[in-house]
Colleague: 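Dropping a structure here in structure tokens format, bear with me for questions.
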Number of protein chains: 4
Amino acid sequence: MSRNKIVDASVKLFSELGYHRTSMDDIAKEANVAKGTLYYHFSGKGELFETIVTDGFQMLKDQIGQVLSENQPPEQQIRSIVQRHVELFLQYSELVHIIANEITNGIEPEILERIMGLKNKYIDFLSDILRQGHEDGELNKLHYELAAAGLIGMIESASMYFIKQGKGTREELHETINTIVLPALLRNL
Amino acid sequence: MSRNKIVDASVKLFSELGYHRTSMDDIAKEANVAKGTLYYHFSGKGELFETIVTDGFQMLKDQIGQVLSENQPPEQQIRSIVQRHVELFLQYSELVHIIANEITNGIEPEILERIMGLKNKYIDFLSDILRQGHEDGELNKLHYELAAAGLIGMIESASMYFIKQGKGTREELHETINTIVLPALLRNL
Amino acid sequence: MSRNKIVDASVKLFSELGYHRTSMDDIAKEANVAKGTLYYHFSGKGELFETIVTDGFQMLKDQIGQVLSENQPPEQQIRSIVQRHVELFLQYSELVHIIANEITNGIEPEILERIMGLKNKYIDFLSDILRQGHEDGELNKLHYELAAAGLIGMIESASMYFIKQGKGTREELHETINTIVLPALLRNL
Amino acid sequence: MSRNKIVDASVKLFSELGYHRTSMDDIAKEANVAKGTLYYHFSGKGELFETIVTDGFQMLKDQIGQVLSENQPPEQQIRSIVQRHVELFLQYSELVHIIANEITNGIEPEILERIMGLKNKYIDFLSDILRQGHEDGELNKLHYELAAAGLIGMIESASMYFIKQGKGTREELHETINTIVLPALLRNL
DNA sequence: CATGAATGAGAATTCATTCAT
DNA sequence: CATGAATGAATTCTCATTCAT
């Protein structure tokens, strides 16, 4: 019970404020739990953050796994992946942002490494999709992992700009990303 | 003299460690000046960071301004912009990363706002290039500012991955980005 | 427990050294608690000081309320008020001094304002006593609030001089103040 | 030249802000002089303050000396002394306040002692006037030095209240103080 | 005479973490 | 399971003072 309240509060606060601006006090207050309780369930701020992040990546993978299992044509698949990713991002903006970028910061190196590992696995996961999706068509020289990393960055940067600056509509966001991504990835488009 | 030493030390440390992991003590030590000297030249950590960031953006704009003044054909121009951006990024990796992403963090809101303003100006700058470059050709529906924001994110995310994971070569990095970017932007390609 | 130790230490140190010469380190050391403990119980030096001051005024009011409730003739009442005030002052010398005078200093304006409010309330409280006490007798033109403020200043300044210079006896102190105050206030004396 | 500018700036700033809130930087800026120049003319902040204070007392004494030399009847003399003191106070409010009260604070003990000496001399000066003025009449038991200290406190506290709270008029201020002071001091009134 | 860059000791505050209950 | 009072290391910032020019 307490554990869940803590996790929920953490997602909310880390999402809103980022890692550093979120203090254990804030989390305890938001979760309606005593500060000591945080340390009963988690070894520290780092582990708490790691838990959230791990869950975040799992969500991303689940979403995308769903898309893949639907067995659509490649173009539609990529559109769907982008869409899910963008929507998830818009929902948890800061959290996904942290996962993807801010990670570099002031987190214990050990935990940081594990989180980076998660991110890399996610990139591998995406790059496999790219590789497979293109094995049939002809493709320009393209490094799939770098491409996957780049795509993630693009999606997040554009979404972030959309959220923060309020420029464009949700549809334009999806379309702009697709317009850039699709011709690049789908040879036969 | 001192001021320069401080700026140099700051670039180095902010680049290596990010904003939060870099303490004023660290900077003073690295710069071989007394702690008070930092506050003689800058009003605080925030202003010091802002200075670095402002300089960074200026460098980016200068680089790109150079490219534009060379009056090459569009494709070559975009290739050059990407190349300069990537190279600058590779050189100042973390710093540019911070400029572009980490900004969200625990910086005084006022300063944060000014830095966000700089980033937005840079995005406007890029989106103008996109808009102009495409005015002649036929273009799919594309929101230039979102596209510019996305491009920056893609370049940085891919470069980051390249640096951190050592996957691929410098050429593959450039080529991968170009392969994604060019067909998307240049209709007549 | 800790809170009490902190309050006691603060009264002692603020009384002896004044607001600025008393550091949070000093207080922590005097109270035998860790520095962080101060901030667990009080939001900062300002709030700690405000607490002490508020308590001080409460003590003053309580003392004087007691006097009034004893329903003595006016002259005796004023004598008692002066006596209580002087005695309290002699006991907490510097603290009361700070409350009454030093306030002007380097305290956060917001807190300063609240403390000034307390002092003004105390002056109002005294001036009401003056006004009521004289409603029956004939009284020269006299602005009660200015008179109350003046009386406080006189008591404190004389007491301070007594403490610091060791001139006169405790009885002379009381008598001198009464000799000045009584004929001024009591028309029918 | 510089020295004068520094003294003027110091009077202004110490008067407005008190000792602690006034920094050497502030003084230098206000005086349009480099910080080092302050130390060319004065050995430090303490000496600078002492100079101001000494001048302040001299002014007080001069004012009162003038009154005394005018050879008026006792009542008029005391009225004049009060008036001069009050007017001087209203003009240099904070400065006189500091001289009289705030002195206790964070000033080097050595300098503090000298300033206290000045204040005591001023009290002696006043108490002599009191003693002489009453030698002829019959006087209740009254400790002249304590009375003098009390009078100063009363004048300042009432004036301060007048300034800060804007209660009453200038005339009421003078009258209220006189109404309290005169019957107390002048037996034959 | 005057400067202003540089100093460094000292101060307030934050916050992740511990631990007795 | 849960608590919350207590901790103390780390951090940012202030400011009187020094000194080479």
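These figures come from a predicted structure and were not determined experimentally. In what follows, chains are A, B, ... by sequence order, proteins preceding strands, each numbered from 1.
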Colleague: If the cut-off is 4.0 Å, is His41(C) near the phosphate of dA6(F), judged by side-chain N/O to OP1 or OP2?
Modeller: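 Looking at the OP1 and OP2 atoms of dA6(F), one of them is under 4.0 Å from a side-chain N or O of His41(C).
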
Colleague: Classify the ring geometry of Phe14(A) against Phe49(A): parallel below 30°, tilted from 30° to 60°, perpendicular beyond 60°.
Modeller: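 If you compare the ring of Phe14(A) with that of Phe49(A), the planes turn out perpendicular.
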
Colleague: Got a donor-acceptor pair under 3.5 Å from the side chain of Lys45(B) to the base of dT11(F)?
Modeller: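 By the distance-only test, no, there is no pair.
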
Colleague: Okay, side chain of Thr22(B), backbone of Leu17(B): is any donor-acceptor separation there less than 3.5 Å?
Modeller: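 No.
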
Colleague: In whole angstrom, give the distance that lies between atom CZ of Phe42(D) and atom P of dA2(E).
Modeller: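 To the nearest whole Å, that distance equals 11 Å.
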
Colleague: Could you tell me how far apart Glu47(B) (CD) and dT12(F) (P) are, to the nearest whole angstrom?
Modeller: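 Distance, rounded to whole Å: 15 Å.
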
Colleague: What is the nucleic acid contact for Ser43(A), judged by heavy atoms within less than 4.0 Å: base, sugar-phosphate only, or nothing?
Modeller: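 Result for Ser43(A) = nothing.
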
Colleague: Between Leu38(A) (CG) and dT18(E) (C1'), how many Å, whole number?
Modeller: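 Roughly 13 Å, once rounded to whole Å.
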
Colleague: Does Ser23(D) have a side-chain nitrogen or oxygen under 4.0 Å from the phosphate oxygens OP1 or OP2 of dC15(F)?
Modeller: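 No, because none of the side-chain N or O atoms of Ser23(D) sits under 4.0 Å from OP1 or OP2 of dC15(F).
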
Colleague: Can you measure Asp25(A) atom CG to dA6(F) atom C1' for me and round it to whole angstrom units?
Modeller: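 After rounding, the gap between these two atoms is 13 Å.
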
Colleague: Just name whichever nucleotide pairs with dG8(E), Watson-Crick or G-U, keeping both distances under 3.5 Å, else none.
Modeller: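 Here dG8(E) is engaged in a pair, and the nucleotide opposite it is dC15(F).
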
Colleague: In terms of side-chain heavy atoms of Tyr39(B), which of dA16(F), dC13(F), dT3(E) is nearest?
Modeller: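 Among the listed nucleotides, the one closest to the side chain of Tyr39(B) is dC13(F).
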
Colleague: Between dA10(F), dT3(F), dT12(F), which nucleotide gets closest to the side-chain atoms of Thr37(A)?
Modeller: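 Nearest to the side-chain atoms of Thr37(A), counting from C-beta on, is dT3(F).
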
Colleague: Of Ile52(B), Thr51(B), Val53(B), which meets side-chain contact (heavy atoms from CB on, under 4.5 Å) against Asp55(B)?
Modeller: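 Single side-chain contact (heavy atoms from CB on, under 4.5 Å) partner of Asp55(B) among Ile52(B), Thr51(B), Val53(B): Thr51(B).
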
Colleague: Once you round it to whole Å, what is the distance between C1' of dC1(F) and NZ of Lys5(A)?
Modeller: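 That distance rounds to 12 Å.
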
Colleague: Under 3.5 Å, is there a donor-acceptor pair between the side chain of Lys119(C) and the main chain of Phe57(C)?
Modeller: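 No, because the side chain of Lys119(C) does not come within donor-acceptor range (under 3.5 Å) of the backbone of Phe57(C).
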
Colleague: With respect to the side chain of Lys35(D), which nucleotide from dT3(E), dT17(F), dA12(E) is positioned closest?
Modeller: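 Of all the options, the side chain of Lys35(D) is nearest to dT17(F).
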
Colleague: Return the value, rounded to whole Å, for the distance between atom CZ of Phe49(D) and atom C1' of dT17(F).
Modeller: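 Atom CZ in Phe49(D) sits about 19 Å away from atom C1' in dT17(F).
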
Colleague: Determine the contact category for Gly44(B): base if any of its heavy atoms lies under 4.0 Å from a base atom, sugar-phosphate if only primed atoms, P, OP1 or OP2 are that close, otherwise nothing.
Modeller: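 Here Gly44(B) touches the backbone only, sparing every base.
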
Colleague: Is there a donor-acceptor pair under 3.5 Å between the side chain of Asp8(A) and the backbone N or O of Lys5(A)?
Modeller: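 No.
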
Colleague: Is there a side-chain polar atom (N or O) of Tyr40(A) under 4.0 Å from OP1 or OP2 of dC1(F)?
Modeller: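 For Tyr40(A), the contact criterion (side-chain N or O under 4.0 Å from OP1 or OP2 of dC1(F)) is not met.
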
Colleague: Provide the Watson-Crick or G-U wobble partner of dA20(E), both distances under 3.5 Å; none if there is no partner.
Modeller: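 Partner of dA20(E): dT3(F).
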
Colleague: Taking for each residue the nucleotide of DNA chain E bearing the nearest heavy atom, is the 5' side occupied by Asn32(D) or by Ser2(B)?
Modeller: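 So the residue in question is Asn32(D).
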
Colleague: Over how many whole Å does the gap from Met24(D) atom CE to dA6(E) atom P extend?
Modeller: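 That distance rounds to 20 Å.
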
Colleague: Which base sits across from dA9(F) as a Watson-Crick or G-U pair, both distances under 3.5 Å?
Modeller: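 dA9(F) is paired, partner dT14(E).
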
Colleague: Using only atom types and a distance under 3.5 Å, with no angle test, would you say the side chain of Asp62(B) pairs donor to acceptor with the backbone of Met59(B)?
Modeller: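 Side chain of Asp62(B) to backbone of Met59(B), a donor-acceptor pair under 3.5 Å: no, none is there.
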
Colleague: Whole angstroms only, please: what is the NZ-P distance between Lys29(C) and dA12(E)?
Modeller: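 Going from NZ in Lys29(C) over to P in dA12(E) covers 12 Å.
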
